[in-house]
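Keep in mind the model is a prediction, meaning the values are calculated, not measured.
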Amino acid sequence: MPMQHVKKYLGLVWMLLGPAGIIYLVATAISEIAKKPVIDTKIQWAVFVIVFIPISIGLMVFGWFAWRGEYERLPEKSDDLEE
């Protein structure tokens with residue numbers, strides 16, 4: 001299988017992994033907060049979720065670009081960026 005196909009299908013994996021990670025993290029946060037409902041736990045999990053959401057969105061965007069084939073031809077030097 002050529003590398004272009006691997007990149008494309010891994011893009012699909014990244015797009016699916018982003019929301020799955022958010023869902024898993026929020027479910028874990030709710031579970032942990034229910035076990036120990038003190039302010040420290042709530043703040044800790046809120047920070048985890050807030051920090052992870054942009055990372056997950058970036059993962060989905062990266063996957064979208066890979067799925068569309070944006071990474072098929074990568075520049076080899078700085079001069080190639082202007083084309």
Side-chain angles (χ1 to χ4, degrees):
M1 176 183 304
M3 190 62 173
Q4 306 307 335
H5 294 300
V6 173
K7 289 179 187 178
K8 186 171 185 170
Y9 291 116
L10 280 177
L12 183 61
V13 171
W14 304 144
M15 285 191 292
L16 295 173
L17 197 59
I22 290 174
I23 291 168
Y24 177 75
L25 186 65
V26 170
T28 303
I30 291 169
S31 170
E32 292 296 319
I33 290 171
K35 285 183 196 174
K36 190 176 176 189
V38 294
I39 193 68
D40 294 343
T41 306
K42 293 176 184 176
I43 291 172
Q44 173 188 357
W45 282 100
V47 169
F48 287 164
V49 170
I50 290 170
V51 167
F52 184 74
I53 286 175
I55 294 169
S56 182
I57 291 170
L59 188 64
M60 290 183 285
V61 170
F62 178 75
W64 174 248
F65 285 147
W67 180 253
R68 286 185 38 203
E70 299 288 330
Y71 301 117
E72 287 180 5
R73 184 191 161 286
L74 296 175
E76 294 181 15
K77 54 188 177 206
S78 299
D79 296 335
D80 293 343
L81 293 174
E82 296 176 6
E83 294 178 1

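In terms of hydrophobic clustering, with Ile, Leu, Val, Met, Phe, Trp and Tyr side chains grouped at heavy-atom distances under 4.5 Å, Ile23 and Leu16 are assigned to different clusters. Val38 and Ile30 are members of different hydrophobic clusters when ILVMFWY side chains are connected at heavy-atom separations under 4.5 Å.
Listed by first and then second residue, the salt bridge (charged side-chain N to carboxylate O under 4.0 Å, His left out) pairs involving residues 60-69 are Arg68-Glu70 (not counting sequence neighbours). Residue pairs meeting the salt bridge (charged side-chain N to carboxylate O under 4.0 Å, His left out) criterion with at least one partner in residues 22-34, sequence neighbours excluded, are Glu32-Lys35.
Under the side-chain contact (heavy atoms from CB on, under 4.5 Å) criterion, Leu10 pairs with Val6, Val13, Trp14, sequence neighbours left out. Qualifying side chain to side chain donor-acceptor pair (under 3.5 Å) partners for Lys36, counting only residues two or more places apart in sequence or in other chains: none.
Between the Thr28 side chain and the Tyr24 main chain, a donor and an acceptor come within less than 3.5 Å of each other.
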For residues 42-64, please give each side-chain donor-acceptor pair under 3.5 Å, one per line with the distance, not counting sequence neighbours.
| unit_1 | atom_1 | unit_2 | atom_2 | d |
| --- | --- | --- | --- | --- |
| Ser56 | OG | Gly18 | O | 2.6 |

